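Naming convention: chains lettered A, B, ... in sequence-line order (proteins, then strands); numbering from 1 in each chain. Note that the structure is predicted; figures quoted are calculated from it, not measured.
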Protein chains: 2
Amino acid sequence: MPYRKVSEQPRRAGRPRDAARESAILEAVDAVLAERGYEGLTYEEVARRAGASKATLYRRWATKREMVVAALRAGPARAPDAGPVDTGSLRGDLLALCRRLLATMRAADGRTALLLLQAGLEDPELCDAIEEAVGPTGSRLPASVVDAAVRRGELPAGADPFPFEEVVGSVLLLRRLNGLAADDDYLHALVDTVLVPALRATADGAPRPPAGIFSGHPAPDTHPREGDS
Amino acid sequence: MPYRKVSEQPRRAGRPRDAARESAILEAVDAVLAERGYEGLTYEEVARRAGASKATLYRRWATKREMVVAALRAGPARAPDAGPVDTGSLRGDLLALCRRLLATMRAADGRTALLLLQAGLEDPELCDAIEEAVGPTGSRLPASVVDAAVRRGELPAGADPFPFEEVVGSVLLLRRLNGLAADDDYLHALVDTVLVPALRATADGAPRPPAGIFSGHPAPDTHPREGDS
DNA sequence: CACTTTTCGATACGGCACGTTTCGTATCCT
DNA sequence: AGGATACGAAACGTGCCGTATCGAAAAGTG
């Protein structure tokens with residue numbers, strides 16, 4: 001197989017790969033991904049935009065998936081994943097987390113977020129690769145936030161992050177997918193009328209298995225590959 | 001344009017359309033839709049399964065969208081939309097509504113629900129057509145349920161259905177899309193730790209504009225059609 | 001500096017799947 | 001009967017895939 005990872009170091013003689021080509025291609029992948037989606041992405045189109053030859057692409061990545069994963073890994077879609085959140089109030093923290101998640105989705109934008117679903121859904125491997133490449137979806141509720149809220153008396157001890165983790169990612173993603181606005185007013189409503197009351201009530205509920213938006217496929221056979229006949 | 005709606009009655013001469021062909025085709029559309037999704041649906045494949053000629057399809061529907069909409073309209077995907085819900089408790093009502101919504105998604109199954117997003121997202125017209133064809137998404141919280149709960153003292157007067165309408169549809173749909181289970185345990189957790197507490201807290205929050213999952217595109221230009229260059 | 005190795009863009013090929021149209025035949029209405 | 005329409009089969013063009021080949025360029029190697 002003529003495809004070698006770029007990072008391999010055996011230092012063969014000959015003309016080295018052009019890093020500029022590589023990044024140009026990956027940028028093109030992001031662009032095409034954004035407007036055509038995963039299914040609609042073709043080697044042909046990527047090569048066209050990058051001003052590169054298809055051979056150059058195939059020399060690097062044997063499959064579309066590899067190429068896309070590489071682009072996601074290198075692309076601007078990385079989660080900001082800034083430091084811990086502590087605004088002094090639970091409301092503030094939750095708002096900040098929501099905003100951060102929105103920013104992540106926006107960064108992974110051009111509907112890359114959509115791609116996550118559209119493609120990952122059909123292709124568990126790609127799904128995992130995406131999650132690994134793009135980082136955690138950011139829909140987790142950090143323990144530090146819960147702890148701080150408990151310390152302040154805003155939450156009962158043993159509060160369960162389930163409502164946050166389960167709701168926020170889904171709602172914001174779906175909202176984004178449908179082109180519905182998720183402005184500050186909306187976030188406030190979500191935090192005040194859903195998240196905070198729900199979190200307050202979780203002390204007695206049994207803890208739920210948290211589930212990422214993209215990870216955690218429990219039913220491996222839920223993802224059919226090819227049809228019957 | 002040689003395409004005429006089947007229902008037109010002007011009684012033209014010539015061989016009439018074969019209703020059996022029609023339903024066979026629409027069934028095939030449903031099937032293909034279920035396993036290949038909207039993007040993956042082709043005239044070719046539908047014709048193959050229906051044992052029909054592609055010309056026969058084209059004679060009826062000029063575009064894929066028309067065909068799909070026809071299939072949805074005729075298909076078994078209609079929402080059950082049973083009568084009003086009244087189980088005697090708010091919890092019970094909410095659970096019942098969730099189950100009903102799940103049933104709708106399952107009825108429109110084979111990931112037809114997915115199709116709703118995957119395609120509707122890119123195509124507002126299709127989106128509207130779907131919503132019109134398949135009926136309301138069922139993620140509304142009937143006023144009767146709220147009223148009953150208020151009467152029982154389970155909710156404060158003026159409770160806002162926002163948490164339910166905004167959360168349930170998104171969460172269940174996304175869960176379904178990702179192949180994550182939404183069993184009864186899960187629904188109980190959702191109802192008890194999210195919905196009920198959130199609904200209880202909505203008396204003072206300003207009412208939010210309700211938004212269906214599929215309808216209500218506020219930004220018409222959020223839906224790009226063709227590329228640039 | 002010559003020589004080798006590898007990359008690069010361009011281009012071409014066979015193959016396949018699809019969309020769309022054409023054609024001969026079958027079927028039904030008037 | 002005659003005209004009009006529906007039907008299935010097949011043809012045509014297009015776009016993409018995956019691969020291969022070419023000449024030129026760019027680096028290391030002796």
For nucleotides 9-13 of chain C, give me every protein contact, N/O to N/O, under 3.5 Å, one pair per line with atom names.
| from | atom 1 | to | atom 2 | distance (Å) |
| --- | --- | --- | --- | --- |
| C/dG9 | OP1 | A/R21 | NE | 3.4 |
| C/dG9 | OP1 | A/R21 | NH1 | 3.0 |
| C/dG9 | OP2 | A/T56 | OG1 | 2.7 |
| C/dA10 | N7 | A/S53 | OG | 3.0 |

Check nucleotides 23-25 of chain D against the protein and report each pair of N or O atoms closer than 3.5 Å, with its distance, or say if there are none.
| from | atom 1 | to | atom 2 | distance (Å) |
| --- | --- | --- | --- | --- |
| D/dA25 | N3 | A/R15 | NH1 | 3.2 |

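Residues forming a side-chain hydrogen bond (donor to acceptor under 3.5 Å, both in side chains) with A/R15 (at least two apart in sequence, or on another chain): none. The side-chain hydrogen bond (donor to acceptor under 3.5 Å, both in side chains) search around B/D184 returns B/R99, not counting sequence neighbours. Legend: residues meeting side chain to side chain contact (heavy atoms under 4.5 Å, CB included) with A/A50, ordered by chain and number and at least two apart, are A/I25, A/A28, A/A52. A search for side chain to side chain contact (heavy atoms under 4.5 Å, CB included) contacts involving B/A31 returns B/R49, not counting sequence neighbours. Residues that satisfy the side chain to side chain contact (heavy atoms under 4.5 Å, CB included) test with B/S144, not counting sequence neighbours, are B/P142. Partners of A/S53 under the side-chain hydrogen bond (donor to acceptor under 3.5 Å, both in side chains) rule, at least two apart in sequence or in another chain, do not exist in this structure. In terms of the side chain to side chain contact (heavy atoms under 4.5 Å, CB included) criterion, B/S23 has no residue partners (sequence neighbours excluded).
When each of C/dC28, C/dC8, C/dG19 is scored by its nearest atom to the side-chain atoms of B/P16, the top-ranked nucleotide is C/dC28. Listed candidates were D/dC7, C/dG19, C/dC8. Nearest to the side chain of B/D18 is D/dC7.
B/R48 has its CZ atom 15 Å from the P atom of D/dG8, to the nearest Å. Between the CZ atom of B/R17 and the C1' atom of D/dT5 there is a distance of 9 Å, given to the nearest Å. Look at CD on B/E39: it is 19 Å from P on C/dA17, rounded to the nearest Å. Atom NZ in A/K64 sits roughly 7 Å away from atom P in D/dC17 (whole-Å rounding). If you measure from atom CE of B/M67 to atom P of C/dT20, you get 11 Å, rounded to the nearest angstrom. When the P atom of C/dT20 is taken as reference, atom CZ of B/R60 falls 17 Å away, rounded to whole Å. Atom pair A/L41:CG and D/dG15:P shows a separation of 18 Å (rounding to whole Å applied).
The minimum heavy-atom distance between A/C98 and A/V191, with the atom names listed, is SG-CG2, 4.4 Å.
Note that the CH2 atom of B/W61 and the CD atom of B/E66 stand 9.5 Å from one another [nearest 0.5 Å].
For B/A19 and A/E44, each mapped to the nucleotide of DNA chain D holding its nearest heavy atom, the one lying further toward the 5' end belongs to B/A19.
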